Asks: 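Got a structure for you, written out below as structure tokens; questions coming shortly.
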Amino acid sequence: MGFLKNQQVKVAVRLLAWQYEKNGQSVPDRVLLEPRARKLVDDAHRIARERGGNVLSILKSMVAEMRGR
């Protein structure tokens, strides 16, 4: 995985952790969050290719939807 994608995964992990905290839930270990973050990043890249758009914006909206904003 490239440098930029690794950075995007780190951002996705932080977004997921923030959403857990915001909802008053305990944050799972990073070992559990990373695979979910990688999937989110991969899905965001796919969506960006298909529809266009910014990967970070897509990630934010995906995390918000996933946590039931």
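Remember, it's a predicted structure, so these values are computed and weren't measured experimentally.
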Asks: State which residues pass side-chain hydrogen bond (donor to acceptor under 3.5 Å, both in side chains) with Arg14; sequence neighbours excluded, sorted by chain then number.
Replies: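 side-chain hydrogen bond (donor to acceptor under 3.5 Å, both in side chains) list for Arg14, sorted by chain: empty.
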Asks: As an exercise, state the distance from CG of Asp43 to CE of Met62, rounded to the nearest 0.5 Å.
Replies: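 With rounding to 0.5 Å, CG (Asp43) is 4.5 Å from CE (Met62).
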Asks: Is any side-chain heavy atom of Val63 closer than 4.5 Å to one of Trp18?
Replies: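 With C-beta onward as the side chain, the pair stays apart.
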Asks: Partners of Ala12 by side chain to side chain contact (heavy atoms under 4.5 Å, CB included), sequence neighbours excluded?
Replies: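 In terms of side chain to side chain contact (heavy atoms under 4.5 Å, CB included), with neighbours along the sequence ignored, Ala12 is linked to Ala37, Val41, Leu59.
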Asks: Check Ile58 against Gly53 and note the closest heavy-atom contact, atom names and distance.
Replies: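 The pair with the smallest heavy-atom distance is CD1-C, 4.4 Å.
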Asks: Quick one: are Leu15 and Leu40 in side-chain contact, heavy atoms under 4.5 Å?
Replies: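 No, side chains not in contact.
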Asks: Taking side chain to side chain contact (heavy atoms under 4.5 Å, CB included) as the definition, give me every residue that meets it alongside Asp29, ordered by chain and number, with sequence neighbours left out.
Replies: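 With sequence neighbours excluded, Asp29 shows a side chain to side chain contact (heavy atoms under 4.5 Å, CB included) to no residue whatsoever.
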Asks: Pairs in or reaching into residues 50-61: which pass salt bridge (Lys or Arg N to Asp or Glu O under 4.0 Å), with residues at least two apart or in two chains?
Replies: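 Those involving residues 50-61 are Arg46-Glu50.
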Asks: Check for me, please, whether Val13 and Val27 land in the same ILVMFWY cluster - side-chain distances under 4.5 Å, paths through other members count.
Replies: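 Result: yes, single cluster for both.
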Asks: Of all residues at least two apart in sequence or in a different chain, which pass the side chain to side chain contact (heavy atoms under 4.5 Å, CB included) check with Gln7?
Replies: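 Side chain to side chain contact (heavy atoms under 4.5 Å, CB included) check on Gln7 returns Phe3, Lys10.
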Asks: Of the non-hydrogen atoms in Val55 and Ala48, which two are nearest, and what is the gap between them?
Replies: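 Looks like CG2-CB, 4.0 Å.
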Asks: Residues two or more places apart in sequence or in another chain: which of them pass salt bridge (charged side-chain N to carboxylate O under 4.0 Å, His left out) with Glu34?
Replies: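 Per chain and number, Glu34 pairs via salt bridge (charged side-chain N to carboxylate O under 4.0 Å, His left out) with Arg30, Arg38.
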Asks: At what distance, to the nearest 0.5 angstrom, does NE2 of His45 lie from CD1 of Ile47?
Replies: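 These two atoms lie 11.0 Å from each other.
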